[in-house]
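Only one structure is covered here, and it is reproduced in the block below.
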Amino acid sequence: MNKYLVWFRNDLRIHDNPALHYACTNPEALVSGVFVATPKQWEKHFVANCQINFIYKNLLELKKNLLEIQIELIIHTCKDFIESADWIFNFCHRNKISKLYFNRQYEYNEKKRDNLVKLKLHNITECITFNGNLLISPKQIMTQKIKNYRVYRPFLKRCTKIFSKNILYILPPPKIRKYSTIKNNLLEFDRCEIFNNKKYNYFLPGENYALKKLKKFVDTKLNNYHINRDFFSINSTSQLSPYLTVGALSASRCLYLIKKNSKNFTNEKNPGLFKWYSELIWREFYQHLMIAYPFLSMSEPFLKWTNKICWENNPKYIKAWKNGSTGYPIIDASMHQLKQTGWLHNRLRMISASFLVKNLFVDWRIGEKYFISHLIDGNLSSNNGGWQWSASTGTDSAPYFRIFNPILQGKKFDHYGNFIRFWIPELSAVPDHCIHFPHNWAVENNIKIHYPAPIVQYKTSYIKFRTAYLYAKNNLK
DNA sequence: ACGAACTTGAA
DNA sequence: TCAAGTTCG
C-alpha cells in the first residue's frame with residue numbers, strides 16, 4: 001500500500017493546505033503527518049518563547065483536527081534544521097514512504113534544509129512541493145522589465161490586477177480517510193515545559209478559532225477599518241498575525257474573504273476593505289523582497305552604505321528602551337505591552353522603532369532582534385521590512401527626515417491616554433492633556449511622580465542621528 | 001526614454 | 001517646506 005507523508009512546518013492547518021490536500025487525493029493511500037520541532041534552531045534565531053509556546057498549542061489543535069480525519073500527526077524533536085533533514089530522510093527510508101508532501105518555505109535556511117532533504121531522498125521518496133504560504137509565487141510577479149519589485153505601490157497595483165482577474169480557490173480539508181494511520185490518540189505535550197507556562201494565554205490557539213476570529217473581524221470591524229485602525233487603544237485591527245505566522249490561517253483565506261465581500265475589492269467605495277487588503281499585501285511584499293534579496297535575512301541593510309553609520313549603541317539607552325523606562329510614556333507603555341503579551345499594534349512598533357533608531361541612535365538590528373525575541377507573530381521578513389522602513393535603510397523606506405514624535409503620536413492616536421494608563425498605572429493621576437509628557441506638569445504642580453525622567457531630549461537627540469546619517473550618505477555612498 | 005509617483009511625519 | 005533620488009509604467 002502507498003504510504004504518503006505530509007511534512008507540516010509553518011502551515012499548521014487542514015483548510016487550504018495544498019500539501020495535505022493533494023496527499024489525500026488518493027483515497028487508498030496511507031497518509032500520516034509529521035512536525036519536527038527544532039529548539040536549537042529557534043534559539044539561535046531568537047524565536048520568542050511565546051511564539052514557540054503558540055506553535056505547540058497550535059500543534060495540539062492540528063493533531064485534534066487530523067485525528068478526526070484519521071490522520072496521525074507525529075511530533076518529533078530534533079536539534080536544528082540539519083538534524084531535522086536527516087531525521088525526515090531516515091523516517092521516509094525506514095517507513096518506505098513513497099511520497100513526501102510539503103509546502104515550500106522560501107527563507108534561506110529553510111530552503112537549504114529542504115534541498116538537502118530532496119537530495120537525500122532522491123530515488124527513494126518522491127518530494128512533491130507546493131506554494132501554500134504566499135498569495136502569489138515569486139516568479140509570477142515581476143516588473144515589465146522582468147525585475148523584482150522594490151517599491152510597494154507598484155507591487156500592490158500589480159497584485160490587484162492579478163487577483164481581480166484570477167478566480168481564487170480555497171482548498172477544503174480532506175475527507176475522512178478510508179485507512180487510518182492513528183496509532184495513539186494521546187496528546188503527548190505535557191512534558192513540554194514552555195507549553196505548560198500559563199503566562200501566554202493572550203491568543204487562543206487553533207485553526208478553528210482563527211477562522212472564527214477572521215469571520216468576526218470581517219463582519220464587525222472591516223468596514224470601518226480605515227477609520228479606526230490607527231487608534232491602538234480601541235482594538236480595531238484583526239489581530240490575526242500570530243495565526244498567519246504559524247499558518248493556522250492562510251493569507252489566501254483572507255484574500256478569499258476580501259474578494260467575497262466585494263465584487264471589486266480594489267474599489268475605493270470599500271475603503272476599509274481596501275486598506276486591510278493592502279496591509280495583507282505589505283506582508284506579501286516583504287516576503288517577496290526577502291526571497292529576491294536573501295541578504296536581508298543576514299543582518300544586511302538594503303542600502304549598503306548605511307552600514308557606515310556609526311551607531312552610538314549606548315547600553316544605558318538600550319536597556320531603558322527594552323525595560324520601558326525612557327521617560328516617554330508611549331514608548332514605555334509599548335515596551336511593557338510587548339514584553340507581557342508578545343503583541344504590539346503596528347503603529348506602536350513604528351513609533352518605538354523610530355525612537356530607538358532616530359532618538360536613541362541605536363543600530364536598528366538591535367531592535368529587530370529584540371522584537372523577534374518577544375513577538376508571538378514574529379516573522380523574519382515582516383519584522384526586517386518594518387525595521388528597515390523605520391530606520392530608513394530599506395529601498396522603499398521612510399525618508400530619513402521623517403521621524404515619529406512620540407508625544408505628538410500619543411496625543412493624536414491615544415488622545416485620552418487610555419493606553420498609557422493601562423500599561424503605566426503610575427501615571428493614572430496625570431490629566432489627559434499632560435499624560436504624553438508628564439514631566440513639566442509634575443514640576444509645575446510640585447507633584448512627585450514615580451516615573452523616570454526622559455533619557456534624551458527629543459529634538460537634540462534626533463539631530464545627532466540625522467547628522468551621522470547624512471555624513472555616511474554623502475561621504476561614503 | 002520621459003515623467004509620474006513615492007504608507008503611516010512634523011514645523 | 002524638509003529634500004531628492006530611484007523606481008516603474
Side-chain angles (χ1 to χ4, degrees), chain A residues 141-162 225-234 236-238 241 266 268 271-286 288-289 292-293 301-306 328 330-331 334 344-359 364 381-414 436-437 457-463 465-467 469-477:
Chain A
I141 184 153
M142 292 282 173
T143 66
Q144 282 182 348
K145 288 179 182 162
I146 325 292
K147 282 171 70 180
N148 296 295
Y149 278 98
R150 295 157 166 246
V151 180
Y152 168 74
R153 189 58 61 172
F155 180 87
L156 171 71
K157 283 183 180 163
R158 187 90 185 85
C159 280
T160 305
K161 216 173 189 174
I162 294 166
Y225 177 75
H226 62 302
I227 301 166
N228 296 332
R229 65 185 207 114
D230 274 323
F231 300 97
F232 37 80
S233 60
I234 60 170
S236 50
T237 59
S238 67
S241 49
T266 65
E268 295 296 326
L273 181 134
F274 185 73
K275 199 76 200 172
W276 193 60
Y277 159 74
S278 43
E279 294 306 316
L280 197 67
I281 302 304
W282 267 106
R283 210 177 150 274
E284 185 81 3
F285 174 64
Y286 281 140
H288 282 259
L289 209 61
Y293 306 99
F302 203 100
L303 302 175
K304 287 283 160 58
W305 61 264
T306 61
Y328 286 86
I330 199 83
I331 306 294
S334 299
L344 257 191
H345 186 284
N346 186 241
R347 177 163 292 275
L348 295 170
R349 297 186 199 201
M350 290 190 296
I351 299 170
S352 45
S354 169
F355 188 77
L356 181 74
V357 174
K358 294 178 177 175
N359 293 105
W364 57 274
S381 52
S382 295
N383 191 48
N384 181 270
W387 274 95
Q388 296 226 35
W389 184 88
S390 293
S392 306
T393 64
T395 179
D396 189 33
S397 56
Y400 70 90
F401 51 81
R402 191 168 287 163
I403 177 177
F404 287 87
N405 181 325
I407 301 160
L408 293 180
Q409 285 286 317
K411 282 183 180 166
K412 214 165 156 186
F413 298 110
D414 185 30
H436 298 288
F437 197 77
Q457 211 197 327
Y458 171 74
K459 189 114 194 208
T460 49
S461 63
Y462 169 61
I463 290 167
F465 160 80
R466 187 188 149 116
T467 309
Y469 186 95
L470 282 174
Y471 180 80
K473 188 179 176 182
N474 295 328
N475 295 298
L476 302 156
K477 196 175 178 176

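Lettering of chains follows the sequences in order, A, B, ..., and the numbering in each one begins at 1.
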Discussion item. Mind checking if Lys412(A) touches a base, just sugar-phosphate, or nothing, with heavy atoms under 4.0 Å?
Written reply: sugar-phosphate

Discussion item. Students often mix this up, so state it plainly: with edges at 30° and 60°, are the rings of Tyr225(A) and Trp276(A) parallel, tilted or perpendicular?
Written reply: perpendicular

Discussion item. Defining pairs by Watson-Crick or G-U wobble geometry with both distances under 3.5 Å, how would you list the stems of DNA chain B with at least three pairs each?
Written reply: B:2-6 with C:5-9

Fill in: P atoms of dT6(C) and dA10(B), separation to the nearest Å
27 Å

Worksheet item: How far, in whole Å, is dA5(B) from dA3(C) if one measures between their P atoms?
Response: 24 Å

Worksheet item: How long is the gap from CE on Met142(A) to CZ on Arg158(A), to the nearest 0.5 Å?
Response: 11.0 Å

Practice prompt. Work out which heavy atom in Trp389(A) is nearest to a heavy atom in Asp396(A); give both atom names and the distance.
Written response: CD1-O, 3.2 Å

Worksheet entry | Output field: ring centroids Tyr469(A)/Trp305(A) closer than 6.0 Å | yes

Discussion item. Could you tell me if Arg466(A) sits above the aromatic ring of Tyr400(A), with its cationic atom closer than 6.0 Å to the ring centre and no more than 45 degrees from the axis?
Written reply: no

Worksheet item: Taking CZ from Arg466(A) and P from dG9(B), how many angstroms apart are they, rounded to a whole number?
Response: 17 Å

Item to complete: Just call it for Phe404(A): base, sugar-phosphate, or nothing, with non-hydrogen atoms closer than 4.0 Å on any strand.
Response: sugar-phosphate

Discussion item. Any heavy-atom pair between the side chains of Phe232(A) and Asp414(A) that's under 4.5 Å?
Written reply: yes

Discussion item. Just the rounded figure in Å: distance from C1' of dT8(B) to CD1 of Ile403(A).
Written reply: 14 Å

Worksheet item: Base, sugar-phosphate alone, or nothing: which one does Asp396(A) contact when heavy atoms must sit under 4.0 Å apart?
Response: sugar-phosphate

Worksheet item: Any chance the rings of Phe404(A) and Phe355(A) have centres within less than 6.0 Å?
Response: no

Item to complete: Please measure how far the C1' atom in dG3(B) lies from the corresponding atom in dA4(C), and state the result in whole Å.
Response: 15 Å

Worksheet item: Quick one: Leu280(A) CG to dT7(B) P, roughly how many Å, whole number?
Response: 17 Å

Practice prompt. Using the aromatic ring of Trp282(A) (for Trp, its six-membered ring), decide whether it stacks on the base of dT7(B) within the limits of 5.5 Å and 30°.
Written response: yes

Worksheet item: Considering all heavy atoms of both residues, which atom of Leu344(A) and which atom of Ser352(A) are nearest to each other, and what is their separation?
Response: CD1-OG, 4.4 Å

Item to complete: Specify the separation, in whole Å, of atom CD of Gln409(A) and atom C1' of dG9(B).
Response: 7 Å

Discussion item. Could you walk me through whether Gln409(A) and Asn405(A) satisfy the side-chain hydrogen bond (donor to acceptor under 3.5 Å, both in side chains) test, starting with their C-alpha distance in whole Å, then the side-chain angles of each, then the deciding distance to 0.1 Å, before giving a yes or no?
Written reply: CA-CA 6 Å; Gln409(A) 285 286 317; Asn405(A) 181 325; over 6 Å; no

Give me the distances for all protein-to-nucleotides 7-9 of chain C N/O pairs that come in under 3.5 Å?
| from | atom 1 | to | atom 2 | distance (Å) |
| --- | --- | --- | --- | --- |
| dT7(C) | OP1 | Arg150(A) | NH1 | 2.9 |
| dC8(C) | OP1 | Arg150(A) | N | 2.6 |
| dC8(C) | OP1 | Val151(A) | N | 3.2 |
| dG9(C) | OP1 | Tyr149(A) | OH | 2.4 |
| dG9(C) | OP2 | Gln144(A) | N | 3.2 |

Discussion item. Taking the P atom in each of dT7(B) and dT7(C), what is the distance between them to the nearest angstrom?
Written reply: 13 Å

Worksheet item: Base, sugar-phosphate alone, or nothing: which one does Tyr400(A) contact when heavy atoms must sit under 4.0 Å apart?
Response: sugar-phosphate

Worksheet item: Taking the six-membered ring where the residue is Trp, are the ring centres of Tyr149(A) and Phe285(A) under 6.0 Å apart?
Response: no

Fill in: Length of the CG-P vector between Leu470(A) and dA3(C), whole Å
8 Å

Discussion item. Output the rounded distance in Å from OH (Tyr225(A)) to P (dT8(B)).
Written reply: 15 Å

Worksheet item: If only side-chain N and O atoms of Arg153(A) are considered, is one of them under 4.0 Å from the OP1 or OP2 phosphate oxygen of dT7(B)?
Response: yes

Worksheet item: What is the distance, rounded to the nearest whole Å, between atom OH of Tyr277(A) and atom C1' of dT7(B)?
Response: 15 Å

Worksheet item: Rounded to whole angstroms, how far apart are OH on Tyr458(A) and P on dA11(B)?
Response: 6 Å

